[in-house]
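Worksheet: one structure, shown below.
On a predicted model such as this, the values are computed, not experimentally measured, just so you know. Residue numbering restarts at 1 for every chain, and letters A, B, ... go by the order of the sequence lines.
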Amino acid sequence: MNRNLNNQEVACLLQAIAAAYEVKNSNRFKIIAYDRAATAVENATSEVKDLWDDGKLRTLPGIGASIAQHLDELFRTGKVKHFNRLIKGLPPAMFEFLSISGIGAKTAYKLCQELEIKRAKTALVELEKAAKKGKIALLEGFGEKSQTDILEAILDFKKGRIKKKRMPLSYADAVAQDIIVYLKKSPATLKIDPLGSLKRRVATVGDIDIAVATKKPTEVVSWFVAYPKKKKLIEKGPTGASILLKGGCQVDLRVQKPEAYGSMLQYFIGSKHHNIHLREFALKKGLSLSEHGIKKGKKLKEYATEEQFYHDLGLPWIPPEIREDTGEIEVAQKGELPNLVKTSDIKGDFHLHSNYPLEPSHDEGKNSMEEMAMKAIELGYEYIGFSEHNPSLSHHSEKQIIDLVKRKNGAVEQLKSSCNKITLLNGLEVDIRPNGQLAFPEKGFDLLDYVVASIHSSFKMNKKEMTRRVLAGLEHPKVKILGHPTGRKLGQREGYELNWEKVFAFCKKADIWLEINAWPDRLDLPDVLVREAVKNGVKMVINTDSHALSQMGLMPYGVSVARRGWAEKSDIINTLSWLKLNARLKRT
DNA sequence: GCCGTTTTCGGCCCGACTGTTTTCAGTCG
């Protein structure tokens with residue numbers, strides 16, 4: 001076994017152990033414990049192997065003394081004797097079946113035994129064959145229906161292997177918005193809200209869930225399933241319906257009477273872990289929670305609003321963005337919830353690409369500086385900075401580069417004289433080259449108000465090298481912002497790894513701001529690192545990285561990332577007025 | 001096996017759905 005297991009692999013192993021215990025009818029809480037440990041690992045914000053390196057395994061909630069010891073053995077020796085003993089005698093094929101929707105540990109084991117399927121490698125093929133031959137329906141406890149269900153689930157799984165993508169939040173927003181507008185046209189619709197990860201503003205969304213409050217549920221459901229962009233009806237019932245859209249994404253609708261709308265919102269906004277924790281919390285007060293409301297004994301109380309629901313648990317309303325069970329319930333209990341930053345707090349944007357011809361090696365913007373300045377005024381900003389990519393090094397001499405920037409400066413000055421409603425800054429987005437040098441001549445820096453330093457090449461360096469490269473780039477006193485700090489592109493690439501402890505320490509000391517890039521494919525810094533930055537007292541700046549006017553309106557996506565990272569107004573530099581910000585722009 | 005501002009022992013989230021059942025076990029979100 002490989003000792004350098006990633007989180008997904010460790011989670012998978014723990015899941016298998018849970019399944020093994022389940023088949024052996026062990027203490028059910030032990031099964032739950034392994035199951036929870038698996039989820040904890042899967043959702044961990046750092047690699048578990050790294051945590052082990054630092055002796056911090058136990059900091060993951062759900063990993064206790066026993067499992068930590070097993071994982072220690074795993075990372076040291078590549079195997080866990082106790083696990084091996086446990087799995088010995090169980091057919092390897094059963095663990096393959098666990099990936100099939102509708103098959104749990106018990107069913108997986110039974111299928112292996114009855115159908116004599118043992119080898120993991122051919123397990124799914126054999127199961128599919130058995131189903132097609134009608135062998136499953138003959139087994140005790142199975143029937144025709146479960147046989148076709150299994151067959152369908154196998155086909156789904158095979159499809160899912162090729163394509164099971166979550167969509168970017170911005171795409172989900174657009175789809176949801178269209179449906180919301182449509183649903184509002186029904187006179188039976190009283191209230192309407194997005195649910196799930198869409199409402200919590202997670203960077204990517206699986207299915208789109210929407211709630212409607214109504215006194216005429218069947219009317220709303222019928223209206224919904226007649227949505228013109230529907231491709232296929234998946235299911236329809238008295239409490240909701242699911243449809244598949246032509247674009248391929250699934251939309252679930254849930255309807256509820258207005259009196260119980262609040263508890264339903266709370267339940268379906270999630271997250272699952274937030275809700276589980278909240279139910280445990282309630283249980284200690286003798287209350288039982290569900291999507292229907294709060295039960296005390298046998299008496300159920302319904303809730304029209306989420307605020308009332310949380311209030312009756314003795315908690316303030318918790319913003320959906322932080323309902324991830326990462327301490328929000330404890331903090332809410334103490335009355336110390338953060339006052340999260342809002343889009344209306346934002347007073348400027350430091351990362352804009354105009355079409356000024358700086359002859360860069362990366363892409364230019366589509367609109368003029370003037371157009372962008374007008375748009376910024378419309379957005380109510382006090383200041384913006386133009387930060388086009390640096391002129392390409394390979395195609396220009398040092399003098400040519402400086403001349404280009406001087407000319408742009410002139411253009412900015414001219415614009416300033418005709419536009420006094422907003423402060424205009426002369427920035428530049430400069431590549432940090434693989435050796436850590438900035439891709440801009442030293443003599444040119446005096447011409448700039450600030451630099452956004454970013455990585456745009458050689459993404460594959462290891463953590464140590466990349467950290468050295470980034471820190472070297474940040475050394476320069478003109479650098480104020482580290483642009484899209486992890487380099488991730490959602491659904492395309494993971495981004496590089498950095499030693500964040502070092503980066504945070506450096507940024508804090510030098511008052512360098514980490515960018516939260518609002519571009520929907522980036523959303524970089526990611527929310528979990530925003531949280532770390534906040535804890536470390538590192539300031540951030542939310543920028544749109546706009547290459548066109550319309551993109552300047554994407555700021556809310558950056559703000560939601562900041563909110564998911566528990567950032568308050570004071571953590572975000574571009575909430576400052578120009579007066580206060582001006583003083584901080586100069587490095588000391 | 002995990003965990004603790006009512007607990008280091010004694011608890012451990014809730015309800016719906018489904019299929020194959022005569023009262024429920026397994027799975028899911």
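Taking atom CG of residue A:L138 and atom C1' of nucleotide B:dT20, one finds them 15 Å apart after rounding to whole Å. Look at CD on A:E235: it is 13 Å from C1' on B:dC28, rounded to the nearest Å. For the pair A:D156 CG and B:dC28 C1', the interatomic distance rounds to 15 Å; values are reported in whole Å. Regarding A:R254, its CZ atom lies at a distance of 16 Å from the P atom of B:dG15, rounded to whole Å. Summarising the geometry, the separation between CZ on A:R28 and P on B:dG11 is reported as 13 Å, rounded to the nearest angstrom. Distance, A:F142 CZ to B:dT21 C1': 14 Å, rounded to whole Å. Atom CG in A:D35 sits roughly 17 Å away from atom P in B:dC14 (whole-Å rounding).
Contact annotation for A:N27: base contact, defined as any heavy-atom pair under 4.0 Å involving a base atom. When heavy atoms are screened at a 4.0 angstrom cut-off, A:L283 is found touching the sugar-phosphate backbone but no base atom. If you check every strand for non-hydrogen atoms under 4.0 Å, A:A37 touches nothing. A:A282 comes within 4.0 angstrom of nothing in the nucleic acid, heavy atoms only. Note on A:K110: nothing from the nucleic acid sits closer than 4.0 angstrom, heavy atoms only. Using a 4.0 Å heavy-atom criterion, one finds that A:H292 contacts the sugar-phosphate atoms exclusively. Residue A:L289 is classed as a sugar-phosphate contact, given heavy-atom separations below 4.0 Å to backbone atoms only. Residue contacts for A:I67: at a heavy-atom cut-off of 4.0 Å it reaches the sugar-phosphate backbone alone, with no base atom in range.
Not a single donor-acceptor contact under 3.5 angstrom links the side-chain atoms of A:Y267 to the base of B:dG15.
A:S101 has no side-chain polar atom (N or O) that falls below the 4.0 Å cut-off from OP1 or OP2 of B:dT27.
For the side chain to side chain contact (heavy atoms under 4.5 Å, CB included) test with A:L253, the passing option among A:I243, A:V212, A:I192 is A:V212; the others fail.
Annotation: of the two residues near DNA chain B, A:K334 and A:G64, the 5′-most nearest-nucleotide partner is A:G64. Ranked by how close their nearest DNA chain B nucleotide is to the 5' end, A:E144 and A:A65 are led by A:A65.
A salt bridge does not link A:R254 with A:D209: none of the charged nitrogens is closer than 4.0 Å to a carboxylate oxygen.
In this structure, B:dT7 shows a glycosidic angle within 90 degrees of zero, which is the syn conformation.
Applying the Watson-Crick and G-U wobble criteria (two distances, each under 3.5 Å), B:dT8 pairs with nothing in any strand.
With both ends at atom C1', the span from B:dG1 to B:dT5 equals 24 Å, rounded to whole Å. Using P as the reference atom, B:dC12 and B:dT6 are 16 Å apart when rounded to the nearest Å. Taking the C1' atoms as reference points, B:dG15 lies 25 Å from B:dG10, given to the whole Å.
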